[in-house]
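For reference, the structure is listed below as structure tokens.
Lettering follows sequence order; numbering is per chain, from 1.
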Amino acid sequence: MLDNLAILFNTPVLIVDLMINGMLIGAIFILAAYGMALVWGVMNIINVSQGEYVMLGGYITLVVVKLGLHPLLGIPIAAIALYFIGWLMYRSIIYRVVDRDVFISLLATFGISIFLAQLTNQLFGADVQTIDTKLGSWSFMNSMVSLAVIKVIAFFLALAFGFALWVFLKKSRTGQAIRATSQNARAARILGIDTHRIYTITYSLSAALCGAAGSLVVMAWAVHPYIGLPYTIRSFMVVIVAGLGNLPGVIVAGLGLGAAENFAGFILGTEFQIAFVFLLMIFVLIWRNRRLRRRRKYLK
Amino acid sequence: MNNELLAVRSVSKAFGGVQANQEISLTIPSGKIIGLIGPNGSGKTTLFNSIVGYHPVDQGSVRFQGKEITKMLVPQIARLGLLRTFQQTRIFSGLSCIGNMQISAPVVRSGLKSLFTKFPIDDMEDIEDILAFVGLHSKRHLLAGQLSFGQQKLLEFAMALIAEPKLLLLDEPTAGINPTLINGLIDRLRVANQELGITLFIIEHNMRVIMNIADHIYCLAHGQLLAEGPPDKIQNNQTVIDAYLGAN
Amino acid sequence: MRAWHYLIILLLAVSAPFILPDYRTQLAFLWLMVILALSWDIMGGQMGYNSFGNIIFFGIGMYVCAVFQRDSGLEYFQGLLLGMGLGGLAAVIIALIIGNALLGMRGHYFAIGTLGLSVVAGELAGGWDYIGAGSGLTPPLYPGEISERNVFFYFLFFVWAGITFVSLWWVYRGRFGLAINAIRDNEDKAEAMGIYTTRYKVSAWTLSALFLGVIGGGVGNLIGFIDPKDVAFSGATFGVWMILMAILGGKGSLWGPVIGAIIFHVTQELFWTLFLGWQRVALGLLIVLIVVFFPEGILGWLRQRYPHRMRDANNSTEKNKLNK
């Protein structure tokens, strides 16, 4: 561990490399976190299966490629497929838990998370899988800093999707209805908004967003059946650090988390990277709670 | 003043840009019934919350029996003998009425051991007496969640009584109670005050009730203290009447 | 329940390994399931704090016991029993440390925090060479016949399940039980009544840790192999089962988790092999179905169906208090 730190100090270029590559994956976290914040804000449900939708997006893209299509085509296909999976989940399960207590919605989505992860494991096996887009990579500074082209594309696409959703929520009729429902579902219902429909759209949209993210993950990085939970935790962390509905905050938190994770992976060893993510989340929670405590409040 | 139980000194509290309480000072003398009135949104419940520690105050101080409690936490303040009831009644719906009372009874010994002890046996008589006093004796084995709203309100009052507070803050005790029962409630408040020696500080919208029982009344409007005085003075105070009727 | 009911249960439990000698291990696991469900229910059922992280105490107990057995050089039984005690102690200490920090949070935050905790524990154990890292740890072999070993562990688990049940029965009927129920119903009100809720919450969490930490060492020895992610900190088996069993039987009651554990374990032993590797998929589905359609559990359903017959069972503890 100290050796790695020493290497880091002696080769500042490496810091740049880790930083940039970390921030690139941070864009994916932003997208997943946006999906979680949407469902959280509108329906007051923490969707524990959020990360599994990212994972499923990756596997759908894998299937698309196996069918002989171009990987980039996997992005819209994964998004559309996940929209329907989200729709199905909402209509079969989630709508039954929307207005019930936290306990039920948490455990139900936790069950969905186990179900999807284990199902994928049965269908595709537990191996780590990836797609080679054959786009090559750029290198800078005597090839100390290397950037895979697909990661850069993924970065900008992720930000573009996030921006598109933001515009949709601000400008479109449906987007306004979603925002109204998130502020006060009962009032929205009285004013004639079909909240059931709004919830369906919100949940499906959130799944579609994660599907697109997962498609980018499988091309730029890799997937296996159990990457879901870490993505859920990362999204949760980004949302609680930034706060619901704080877009600049989400972007900074997502990119920062990506970079921090990459550094931790290098310094502690990649086998501790997941442990680092989860520990960081616990520390963030405790730290937030302490700060609230001073104001006679707590995380609720 | 020698017998001042609670002293609120220039307390202010803002939520975002809304000034809910502004420089409010008031004194609750020991052994009295004090009323707090004011139009909706004038900051009455916010003041209650500030006193019992639900949120930090922006400035000012709250002292209880001469002790500074401005920075203390809710359970610490409650243990000093300063309790409150809620406008939206809060009870433990999954426990029976007796269970609600048992958990509210004061703990003699505190510390790790008291977590696991049983209840003092003579508590049981007190509990039955107080439940009978508020008229819930026949319902004592029912789950509190099965009671009607008015009965839950009475149960919450009984829970406050068994805890033997020195000062009890009541947030609209008559709201939602069947009008025919209100006279009975007034009597019970008087008994609590005179025989159990509990000082009461009451938010109330029902003018007939509050004018009837209070020794002294404070009136809030727009987060500020508008007037104070004995009931008959307040009743005839032009600014108070204007505040309620909305005249400028 | 009358005294002779308990007597019959006791007799059945003592004679079970001799009536069904082929199923001794499975019967021992039955008592383990009861302990798991009961100890989760302290937090999840009685106190209303949904914890995904109780499994860490189980794993801590397992590792502490096995490491103690490996390094102390004591004879088998001394090593095992002392190790189990130490496992419980370690679990309690860790519960106290993290409980104070974690239990200030509520609802979503507590649940996700504990979920994170269980994963962290598995990841850290999988990377720590001293305890065998990813390749796991093998506790010492039982010095004797297999059948004798199974009887020994059967009674070990049975006794601890009995202690767990009786201790919980005792603490639930006093102030502790009422206080954690009050926290479940309305924590703000409990604080407003002057209850130091954090103290009770940490006590409940620690109690849960004690029961799991002690039994963890025994389970490690019975299974004979400790894997960080698939046995000790297994979110996909023991960690989920304890939640599922408690809810299936009826959370927030003393008998609910016991009934849930028995039904779940028996069904699992009889039908699980039919799923041919799809067990964990079925498990996920089962959680969703039970939580969404059957959240009150078997006992809750019985209570709604036969309110009069079941009310007696509800109020009996209260009447006892009154008669004193």
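- The part of A/Phe110 that comes within reach of chain C is its side chain, from C-beta onward, which places non-hydrogen atoms under 4.5 angstrom from that chain.
- Residues that satisfy the side-chain contact (heavy atoms from CB on, under 4.5 Å) test with C/Arg305, not counting sequence neighbours, are C/Trp301.
- In this structure, chain A has no heavy atom under 4.5 Å from any part of C/Leu289.
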Subject >> Test side chain to side chain contact (heavy atoms under 4.5 Å, CB included) applied to A/Val102 and C/Asn50, step by step >> reply: CA-CA 9 Å; A/Val102 174; C/Asn50 187 8; over 6 Å; no
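- Classification of A/Arg234 and A/Glu261 as a salt-bridged pair holds, one side-chain N sitting under 4.0 Å from a carboxylate O.
- Using a 4.5 Å cut-off between heavy atoms, A/Phe103 touches chain C through backbone and side chain atoms alike.
- Heavy atoms of A/Ile104 lying under 4.5 Å from chain C belong to its backbone as well as its side chain.
- Atom CZ of A/Phe283 sits in a sparse spot, with 12 or fewer heavy atoms from other residues, nucleotides or ligands closer than 6.0 Å.
- Just one residue in the list C/Ser208, C/Ser118, C/Ser39 forms a side chain to side chain donor-acceptor pair (under 3.5 Å) with C/Asn54, and that residue is C/Ser208.
- Neither the backbone nor the side chain of A/Leu116 has a heavy atom closer than 4.5 Å to any heavy atom of chain C.
- C/Phe52 touches chain A through its side chain: at least one heavy atom from C-beta onward sits under 4.5 Å away, while N, CA, C and O do not.
- Chosen from C/Thr114, C/Ile243, C/Leu117, C/Ile112, the residue pairing most often with chain A at heavy-atom distances under 4.5 Å is C/Ile112.
- For A/Phe84, the CZ atom is loosely surrounded, since the number of other residues' heavy atoms within 6.0 Å does not exceed 12.
- In this structure, chain A has no heavy atom under 4.5 Å from any part of C/Leu244.
- Under a 4.0 Å N-O distance rule, the pair A/Asp99/A/Arg186 does not qualify as a salt bridge.
- For A/Val48, the part lying under 4.5 angstrom from a heavy atom of chain C is the side chain only.
- The contact between A/Leu123 and chain C is made entirely by side chain atoms (from C-beta outward), counting heavy-atom distances below 4.5 Å.
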